[in-house]
Enquirer: 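Supplied in structure tokens, the structure appears directly below.
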Amino acid sequence: MSDAASTPTDFIRDIVAADVASGKHPVPKTRFPPEPNGYLHIGHSKSICLNFGIAKEFGGTCNLRMDDTNPAKEDVEYVESIIADVKWLISGWADHCLGFKAPGATPGAQRVEGKPDFFLGSVAPGEEGRPFHASDYFVQIYAYAVELVRRGKAYVDDLTPEETDRYRQEGRPSPYRDRPIAESLDLLERMRGGEFPDGTRTLRAKIDMTSPNMWLRDPVLYRIRHAEHHNTGGQWCIYPMYDFAHVLSDYLEGITHSICTLEFEVHRPLYDWILESLDLPRALPHQYEFARLNLNYTVMSKRKLLQLVNEGKVSGWDDPRMPTISGLRRRGVTPEALRAFAYNVGITKYDGVTDVAVLEHAIRTDLNKRAERRLAVLRPLKVVITNLPAEHREDLEAVNNPEDETAGTRKLAFGRELFIERDDFAEVPPPKFFRLKPGGEVRLKYAYIVKCEEVIKDASGQVVELRCTADLESKTGGANSNRKVKGTIHWVHAGSSVDAEVRLYDRLFTEEDPEAKGDFKACLNPHSLETVQAKLEGSLAGVKEGRWQFERLGYFAVDRESAPDRLVLNRTISLKDTWAKEAKK
RNA sequence: UGCCUCGUGGUGUAACGGUAGCACAAGUGACUCUGAAUCACUUUGUCAAGGUUCGAAUCCUUGCGAGGCAGCCA
């Protein structure tokens, strides 16, 4: 069973624990560094839970940092969504570990052991702050680039992108590799000054053109891009590459454990090389890699999610069918459920595929405990209780949450005309059908046992109404309520019911691995969204937000498009349905 | 092809040279005024072959398989 209260264990936490115990890093500092080029998804939530979890467990902090070194792809819309999603996900759990910088702050120059240094710390918890940005360090990163050139460890290269590529594959050094330091320094300054067009020159690390690790074959550190940056505007026309900017950002912020996904494993020697080559005075960060989250029936790459959004396959990044944090939130999933899920999948270096059933289980477990129960009918079928007068009206008592006694009870209206679920009536019942059938009996939850006396159909043969009689002795809680019938069904009193649009979601893809056959959009599930006009019990009139379990159906949450005159609900997830499995047999 | 990493039931993960455990999924039963929840039980596993050892999922060798990298993306 998922138990988010117990402390998880994994190989990264083992390392952190050892570093704390040995005094190497008494206070660990992590960071969550998304690129603001899309919305965060559930894979990011695994990383957020890891990084903030470590900070929380070891008394450290976790900086939220925008890894924004590519102006072409990034946007403030994404920055704002990332902040909102991270705050939501860690709320009530690791808020106090969120590392923000003081508004407007940039790294301060200092001297450590006689050496020049830069450092930018985070504000105290609760103080006003903003996320860190790699782009806030462009000045310092550039200074480090100059330093590398001075040390003879980097040079300006005039090769074209294509030539750079070919030389690297051939393990051949660029003819500009050994140009004089002074010349590189001059060229770098002029690159910064805007003298050269995009792609004409780069700054390259001078490492080893014959290394078996491609990332050590003189990787590009800076490229020329005459482009507006969402944070620095038009200040720069050269931008540092990920490898250069990321490791230095880690160092500037005093990060101790820089945790990323497996594909960066081959970058680690470069990460370490940059740190060592600069002869930095403070404790150095180390990079550790874990396997990213893969879920079946889901695509996870931001590029593909962006396609779904841009091509209108979904209504937006927060479409409740999207595996984005904002989509899951809108669907009605809680941060607690997402955290429990992250805990359950664990942290390893094995690149496997997690069954979405594990996610669904975490969502159900969480909602089962917290969601109050209500009665609602998704596909209404009219029922008339013929032995009750038209004006009959009574209030029944219903339990709000059998899993939580403190949730109390509520009043449920009952009368002559009701709605029941179409699926709960069968004219020709299949084997083991416990629900209503002609001449059969069923209990209406919290009310009476009723017997189906007559089936009324329209001209086309469609069942439009059931006429039933109630056993007035069988009222729930009454002296003679003990009579057993095989089935109990939910219902809604017609006169006091509330109309609502209910959106029923199913998985977005029909294939376990949507990418297996090339085009992931070819296996989009045409039935991933079904909208029904439902009837809800009267207590739900006027609700503006909230989550409930509709008994025997699933968990539902008010959608953000809901309005006073038009209630809209999303089905977060259905209840487990063993009858559906039985019916298939 | 080169380099890096990883192989434990159907899936995800524990076991740190000493009884292969947990969760999900699946199945059976109990209970049930939610065919839910809960409870009990069951099925299924160390990639292969050698070696070291009293003892190997764990250490070594080889093989096989999977993933990643080889952008002036991150």
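Convention: sequence-line order gives letters A, B, ...; per-chain numbering from 1.
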Enquirer: Are Tyr242(A) and A74(B) stacked, counting the six-membered base ring, centres under 5.5 Å, planes under 30°?
Expert: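 Tyr242(A) vs A74(B): stacking no.
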Enquirer: So which nucleotide from C33(B), U13(B), G12(B) ends up closest to the side chain of Thr354(A)?
Expert: G12(B)
Enquirer: Report the base-pairing partner of U44(B) (Watson-Crick or G-U wobble, both distances below 3.5 angstrom), or none.
Expert: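 With both distances under 3.5 Å required, U44(B) matches none.
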Enquirer: Please give, in whole Å, the distance from A23(B) P to Lys576(A) NZ?
Expert: 13 Å
Enquirer: Using Watson-Crick or G-U wobble geometry with both distances under 3.5 Å, which nucleotide pairs with G55(B)?
Expert: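 Check on G55(B): unpaired, no WC or wobble geometry under 3.5 Å.
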Enquirer: Where the side chain of Arg223(A) meets the backbone of Leu221(A), is there a donor-acceptor pair that is under 3.5 Å apart?
Expert: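 Between the backbone of Leu221(A) and the side chain of Arg223(A) there is no qualifying donor-acceptor contact (under 3.5 Å).
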Enquirer: Please give the distance between the P atoms of G12(B) and G35(B) as a whole number of Å.
Expert: 33 Å
Enquirer: Taking the side chain of Glu265(A) as its heavy atoms from C-beta onward, which of C72(B), U5(B), G35(B) lies nearest to it?
Expert: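 Within the option list, the nearest is U5(B).
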Enquirer: How is Asp165(A) classified with respect to the nucleic acid when contacts are heavy atoms under 4.0 Å: base, sugar-phosphate, or nothing?
Expert: sugar-phosphate
Enquirer: Quick one: does Asp14(A) reach the base of C16(B) with a side-chain donor-acceptor pair under 3.5 Å?
Expert: yes
Enquirer: Can you tell me how far P in C24(B) sits from the matching atom in A37(B), rounded to whole Å?
Expert: 11 Å
Enquirer: Closer than 4.0 Å, any side-chain N/O of Thr578(A) to the OP1 or OP2 of A36(B)?
Expert: yes
Enquirer: Could you tell me whether G71(B) is syn or anti, where syn means a glycosidic angle within 90 degrees of zero?
Expert: syn
Enquirer: Regarding Ile489(A), tell me which of base, sugar-phosphate or nothing describes its non-hydrogen contacts under 4.0 Å with the strands shown.
Expert: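 Ile489(A): no heavy atom of the nucleic acid under 4.0 Å.
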Enquirer: So, is Lys581(A) close to the G27(B) phosphate, meaning a side-chain N or O under 4.0 Å from OP1 or OP2?
Expert: yes
Enquirer: Side-chain N or O of Arg223(A) less than 4.0 angstrom from OP1 or OP2 on A74(B)?
Expert: yes
Enquirer: Across the strands shown, which category fits Pro402(A) at heavy-atom distances under 4.0 angstrom: base, sugar-phosphate, nothing?
Expert: base
Enquirer: For Arg379(A), does the CZ atom have more than 12 heavy-atom neighbours from other residues, nucleotides or ligands under 6.0 Å away?
Expert: yes
Enquirer: Mind checking Gly199(A) for me? I need base, sugar-phosphate or nothing, with any heavy atom below 4.0 Å counting as a touch.
Expert: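 It contacts base atoms.
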Enquirer: Between the side chain of Lys576(A) and the main-chain N/O of His361(A), is any donor-acceptor distance below 3.5 Å?
Expert: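 No; judged by distance alone, with no hydrogens or angles, the pair does not exist.
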Enquirer: Where does the angle between the aromatic ring planes of Tyr142(A) and Trp236(A) fall among parallel (under 30°), tilted (30 to 60°) and perpendicular (over 60°)?
Expert: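 Tilted: the ring planes of Tyr142(A) and Trp236(A) meet at 30° to 60°.
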Enquirer: Distance check needed: A25(B) C1' versus Tyr297(A) OH, whole Å only.
Expert: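 After rounding, the gap between these two atoms is 12 Å.
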Enquirer: With sugar-phosphate meaning primed atoms plus P, OP1 and OP2, does Thr202(A) contact a base, only sugar-phosphate, or nothing at under 4.0 Å between heavy atoms?
Expert: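 Thr202(A): base contact, heavy atoms under 4.0 Å.
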Enquirer: Contact class for Arg364(A) vs. all strands (heavy atom < 4.0 Å): base, sugar-phosphate, or nothing?
Expert: nothing
Enquirer: To the nearest Å, how far apart are Leu262(A) CG and C6(B) P?
Expert: 8 Å
Enquirer: Looking at every strand, decide which applies to Arg217(A) at a 4.0 Å heavy-atom threshold: base, sugar-phosphate, or nothing.
Expert: nothing
Enquirer: Who is the Watson-Crick or G-U wobble partner of G29(B), with both distances under 3.5 Å?
Expert: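 Across all strands, the one nucleotide that pairs with G29(B) is C39(B).
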Enquirer: Between U34(B), C16(B), G12(B), which nucleotide gets closest to the side-chain atoms of Gln549(A)?
Expert: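 The nucleotide sitting nearest to the side chain is U34(B).
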Enquirer: Checking the side chain of Arg225(A) only, and the main-chain atoms of Ile238(A) only, is there a donor and an acceptor separated by less than 3.5 Å?
Expert: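 Checked: no pair found.
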Enquirer: Would you classify Lys432(A) as touching base, sugar-phosphate or nothing, given that sugar-phosphate means primed atoms plus P, OP1 and OP2, and contacts are heavy atoms under 4.0 Å?
Expert: base
Enquirer: Measuring only the C1' atom in each nucleotide, how far is C47(B) from G67(B)? A whole number of Å is fine.
Expert: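 Straight-line distance between the two C1' atoms is 15 Å.
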Enquirer: Report yes if at least one side-chain N or O of Thr69(A) is closer than 4.0 Å to OP1 or OP2 of A74(B); otherwise report no.
Expert: yes
Enquirer: Counting any heavy atom closer than 4.0 Å, what does Gly477(A) reach on the DNA or RNA strands: base, sugar-phosphate only, or nothing?
Expert: base
Enquirer: Taking only side-chain N and O atoms of His361(A), does any of them lie within less than 4.0 angstrom of OP1 or OP2 on C24(B)?
Expert: yes
Enquirer: Using both distances under 3.5 Å as the test, list the Watson-Crick or G-U wobble partner of U5(B), or none.
Expert: A66(B)
Enquirer: Choose from C69(B), C33(B), A25(B) the nucleotide whose nearest atom is closest to any side-chain atom of Ala357(A).
Expert: A25(B)
Enquirer: Hey, does Leu293(A) reach any base, or is it just sugar-phosphate, or nothing, if we go heavy atoms under 4.0 Å?
Expert: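 Touches nothing.
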Enquirer: The side chain of Met214(A) lies closest to which of these nucleotides: U34(B), A70(B), A14(B)?
Expert: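 Taking heavy atoms from C-beta onward, the closest nucleotide is A70(B).
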Enquirer: Expressed as a whole number of Å, how far does the C1' atom of A15(B) sit from that of A23(B)?
Expert: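 Taking atom C1' in both A15(B) and A23(B), they lie 15 Å apart.
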Enquirer: Please give, in whole Å, the distance from C16(B) C1' to Asp10(A) CG?
Expert: 14 Å
Enquirer: State the pairing partner of A14(B); accept Watson-Crick or G-U wobble contacts with both distances under 3.5 Å, and report none otherwise.
Expert: none
Enquirer: Could you tell me whether the phosphate oxygens of U34(B), OP1 or OP2, come under 4.0 Å of any side-chain nitrogen or oxygen in Thr488(A)?
Expert: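 So the side-chain polar atoms of Thr488(A) never come under 4.0 Å of the phosphate oxygens OP1 or OP2 of U34(B).
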Enquirer: NA contact type, His267(A), heavy-atom cut-off 4.0 Å: base, sugar-phosphate, or nothing?
Expert: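 Base, at least one base heavy atom under 4.0 Å.
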Enquirer: Applying a 4.0 Å non-hydrogen cut-off, can you work out what Val353(A) is touching in the nucleic acid: base, sugar-phosphate, or nothing?
Expert: sugar-phosphate
Enquirer: Paired with A20(B): which nucleotide, if any, by Watson-Crick or G-U wobble criteria at under 3.5 Å for both distances?
Expert: none
Enquirer: How far, in whole Å, is U62(B) from G2(B) if one measures between their P atoms?
Expert: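 Comparing P positions in G2(B) and U62(B) gives a spacing of 15 Å.
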Enquirer: Of the options U11(B), U34(B), C16(B), whose atoms approach the side-chain atoms of Asp355(A) most closely?
Expert: U11(B)
Enquirer: For atom C1', what is the distance between U44(B) and U8(B), given to the nearest Å?
Expert: 13 Å
Enquirer: May Tyr350(A) be described as stacking on the base of G7(B), applying a 5.5 Å centroid limit and a 30° limit on plane angle?
Expert: no
Enquirer: Just call it for Phe264(A): base, sugar-phosphate, or nothing, with non-hydrogen atoms closer than 4.0 Å on any strand.
Expert: base
Enquirer: Do the side-chain N or O atoms of Arg168(A) get closer than 4.0 angstrom to the phosphate oxygens (OP1, OP2) of C72(B)?
Expert: yes
Enquirer: Of the options Phe550(A), Phe414(A), Tyr448(A), which is the one that meets Trp491(A) in a ring pair (Phe, Tyr, Trp, His ring centres under 6.0 Å)?
Expert: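 Result for ring pair (Phe, Tyr, Trp, His ring centres under 6.0 Å) with Trp491(A): Phe414(A).
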Enquirer: Counting only N and O atoms by type, is there a donor-acceptor contact under 3.5 Å from the side chain of Glu582(A) to the main-chain atoms of Thr578(A)?
Expert: no
Enquirer: So what does Phe550(A) touch, heavy atoms closer than 4.0 Å: a base, only the sugar-phosphate, or nothing?
Expert: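 If one applies the 4.0 Å heavy-atom cut-off, Phe550(A) turns out to touch nothing in the nucleic acid.
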Enquirer: What orientation do His230(A) and His133(A) show, parallel under 30°, tilted 30 to 60°, or perpendicular over 60°?
Expert: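 Because their plane-to-plane angle lies in the 30° to 60° range, the rings of His230(A) and His133(A) count as tilted.
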Enquirer: Taking the C1' atom in each of G18(B) and C59(B), what is the distance between them to the nearest angstrom?
Expert: 15 Å
Enquirer: Would you say Tyr446(A)'s side chain and Lys475(A)'s backbone share a donor-acceptor pair under 3.5 angstrom?
Expert: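 Between the backbone of Lys475(A) and the side chain of Tyr446(A) there is no qualifying donor-acceptor contact (under 3.5 Å).
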Enquirer: Would you measure the distance from the C1' atom in U42(B) across to the matching atom in A25(B) and give it in whole Å?
Expert: 14 Å
Enquirer: Kindly point out which of A74(B), G35(B), C73(B) is positioned nearest to the side chain of Trp215(A)?
Expert: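 Within the option list, the nearest is A74(B).
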Enquirer: Only pairs with both distances under 3.5 Å count, Watson-Crick or wobble alike; so what is the partner of A49(B) in this structure?
Expert: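 A49(B) is paired, partner U61(B).
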Enquirer: Heavy atoms only: give me the nearest Tyr271(A)-Gln287(A) pair and the separation to one decimal.
Expert: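 That would be CD1-OE1, 3.5 Å.
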Enquirer: Nearest of C4(B), G71(B), G35(B) to any side-chain atom of Met241(A)?
Expert: G71(B)
Enquirer: Are OP1 or OP2 of C33(B) and a side-chain N or O of Arg552(A) less than 4.0 angstrom apart?
Expert: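 The answer is no; no side-chain N or O of Arg552(A) sits under 4.0 Å from OP1 or OP2.
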